[in-house]
Number of protein chains: 2
Amino acid sequence: MNATKIRTASTPASASAGYTDPLQALDRIDRAILRQLQTDASISNVALAAKVKLSAPACLRRVERLKESGLIRGVVALIDPKAAGAGMLVIIGVVLDRSTPESFAAFEKAAQKVPGCMECHVVTGEFDYFMAVRTRDSDSFNRLHAEQLLYLPGVRQIRSFMVLKEILSTTRFPL
Amino acid sequence: MNATKIRTASTPASASAGYTDPLQALDRIDRAILRQLQTDASISNVALAAKVKLSAPACLRRVERLKESGLIRGVVALIDPKAAGAGMLVIIGVVLDRSTPESFAAFEKAAQKVPGCMECHVVTGEFDYFMAVRTRDSDSFNRLHAEQLLYLPGVRQIRSFMVLKEILSTTRFPL
DNA sequence: CTTGAAATACTACTACG
DNA sequence: CGTAGTAGTATTTCAAG
């Protein structure tokens with residue numbers, strides 16, 4: 001863990017008993033910085049400083065502290081799935097044959113190599129895993145399904161949910 | 001749509017008949033640029049130029065073209081969910097009462113306002129929607145479930161799949 | 001149509017008050 | 001936190017491949 005000190009708001013404004021939301025605990029300026037950088041991090045530091053009404057060095061120090069503290073995990077370019085020829089998204093529920101550690105490990109190792117696999121999570125309930133896979137169209141998904149997904153190790157059942165419309169898909173945390 | 005011309009590889013190397021993957025169609029340098037920016041876009045342009053063995057101006061022009069073409073949708077800071085006090089992820093399958101346009105519209109409008117909702121998609125199959133919601137812990141999810149999810153308009157059934165382990169969660173497209 | 005070298009304008013970063 | 005100064009970067013211009 002990292003123990004960098006972060007500026008806290010004077011009004012803690014916590015939700016319920018004994019816990020303060022780390023994001024809400026930030027002061028007004030740090031929140032404004034995060035709001036901006038989550039939306040567009042290609043802004044220059046001087047422009048960012050002007051937006052949050054701070055001098056450039058002070059602003060830069062805050063951004064660096066937010067990175068060092070681990071709150072900002074990284075700054076990345078996002079590729080448009082459609083422009084990348086992967087406009088189709090499929091949610092996949094997976095049930096394994098056996099519930100052994102080896103079985104899970106083998107599946108997880110293989111699942112990460114599935115082309116276009118963006119997410120893969122162990123879940124509770126009627127499925128063992130949920131995956132989110134990006135592909136070009138139904139044809140290419142059908143190929144992926146027949147040639148790769150069905151051959152993932154230890155799979156008993158696969159249920160595919162084709163995404164018809166992406167209502168919301170964000171990396172942003174509200175502030 | 002944007003019609004900016006992008007550098008194409010001399011070897012198209014397409015998959016199967018009549019289609020070329022837009023990402024694979026890029027030349028070696030553009031792919032190297034995207035690979036880097038998808039991983040860490042906080043790199044300076046001169047450092048990026050050195051990495052891809054190009055002069056700074058030439059490199060900058062390519063990056064700008066990739067943005068203008070729409071392939072790069074944006075550059076953003078990613079917040080670490082755990083550090084933000086939202087270390088728990090839940091996948092939620094939703095079935096609506098009725099399948100009318102009004103019913104769908106009302107649900108979609110409300111779903112986007114659910115605190116911590118990162119994704120919401122219309123899907124085929126036994127559910128109408130899948131949502132991904134980030135929250136602090138099972139307690140806070142229980143509160144969210146009882147106070148918000150159950151009151152989303154037109155909901156017949158909600159099934160929650162708690163994520164026990166995030167195997168893979170990426171915004172990166174392989175190149 | 002793209003590249004790289006040089007020149008200029010800004011920006012990031014440091015030292016200090 | 002801000003001001004002032006320095007170092008380094010982004011960006012334009014232009015000549016050349």
Side-chain angles (χ1 to χ4, degrees), chain A residues 2-12 23 25-78 83 175, chain B residues 1-13 20 22-78 175:
Chain A
N2 206 314
T4 315
K5 270 146 206 154
I6 291 284
R7 272 170 202 70
T8 55
S10 45
T11 317
L23 295 184
L26 297 173
D27 74 5
R28 185 176 300 274
I29 297 178
D30 276 347
R31 286 205 302 266
I33 290 174
L34 286 178
R35 221 177 292 128
Q36 170 62 45
L37 295 184
Q38 281 193 103
T39 306
D40 180 9
S42 65
I43 187 175
S44 76
N45 179 63
V46 291
L48 177 61
K51 271 206 171 184
V52 302
K53 300 187 214 308
L54 221 64
S55 70
C59 183
L60 193 63
R61 278 190 290 261
R62 278 169 178 263
V63 172
E64 273 167 1
R65 205 164 316 161
L66 289 168
K67 285 181 180 172
E68 279 162 23
S69 77
L71 231 176
I72 294 181
R73 193 175 49 122
V75 175
V76 299
L78 299 177
L175 292 160
Chain B
M1 258 305 174
N2 206 314
T4 313
K5 270 147 206 155
I6 290 284
R7 273 168 202 75
T8 56
S10 45
T11 316
T20 41
L23 294 185
Q24 295 305 318
L26 297 174
D27 74 5
R28 184 176 299 275
I29 296 179
D30 277 347
R31 286 205 302 269
I33 289 174
L34 285 178
R35 222 176 293 127
Q36 170 63 42
L37 294 184
Q38 281 194 105
T39 306
D40 181 8
S42 65
I43 188 176
S44 76
N45 180 62
V46 291
L48 177 60
K51 269 205 172 185
V52 302
K53 300 185 213 306
L54 221 64
S55 70
C59 182
L60 193 62
R61 277 189 291 264
R62 277 169 179 264
V63 173
E64 274 168 358
R65 205 167 323 182
L66 288 168
K67 285 180 180 173
E68 279 161 22
S69 76
L71 231 176
I72 294 181
R73 192 175 50 118
V75 176
V76 300
L78 299 177
L175 292 161

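Keep in mind the model is a prediction, meaning the values are calculated, not measured. Every heavy atom of this structure was used, including side-chain atoms; hydrogens, water molecules and symmetry mates were not. Proteins get letters first, then strands, A, B, ... in listed order; numbering begins at 1 in each.
Contact annotation for Arg61(B): base contact, defined as any heavy-atom pair under 4.0 Å involving a base atom. If you check every strand for non-hydrogen atoms under 4.0 Å, Ser44(B) touches sugar and phosphate atoms only.
Taking atom CG of Leu66(B) as the reference point, atom P of dT2(C) lies 12 Å away to the nearest angstrom. Put simply, CZ on Arg62(A) is 18 Å from C1' on dC13(C), counting in whole angstrom units. Regarding Leu54(A), its CG atom lies at a distance of 11 Å from the P atom of dT3(D), rounded to whole Å. If you measure from atom CD1 of Ile43(B) to atom P of dA12(C), you get 16 Å, rounded to the nearest angstrom. Rounded to whole Å, the distance from CG on Leu60(B) to P on dC10(C) is 16 Å. Put simply, CD1 on Ile29(B) is 7 Å from P on dT3(C), counting in whole angstrom units.
Side-chain atoms of Val46(B) lie closest to dA10(D) of the nucleotides dT11(C), dA10(D), dT3(C). In the set dT11(D), dC13(C), dT9(D), dC13(C) carries the atom at the smallest distance from any side-chain atom of Glu64(A).
Taking 4.5 Å as the limit, every side-chain heavy atom of Leu54(A) sits out of range of all side-chain heavy atoms of Leu48(A).
Atoms CG and CD1, from Leu71(B) and Ile6(B) in turn, are 6.0 Å apart once rounded to the nearest 0.5 Å. We find the CZ-CZ distance between Arg65(A) and Arg62(A) to be 7.5 Å, quoted to the nearest 0.5 Å.
Put simply, Arg65(B) has no side-chain N or O that comes within less than 4.0 Å of OP1 or OP2 on dC1(C). Between dT3(C) and Arg7(B), a contact under 4.0 Å exists linking OP1 or OP2 to a side-chain N or O.
Both Asn45(A) and Ala58(B) lie near DNA chain C, and the one whose nearest nucleotide falls closer to the 5' end is Ala58(B).
Remark: side-chain polar atoms of Arg73(B) are not paired, donor with acceptor, to backbone N or O of Leu78(A) under 3.5 angstrom.
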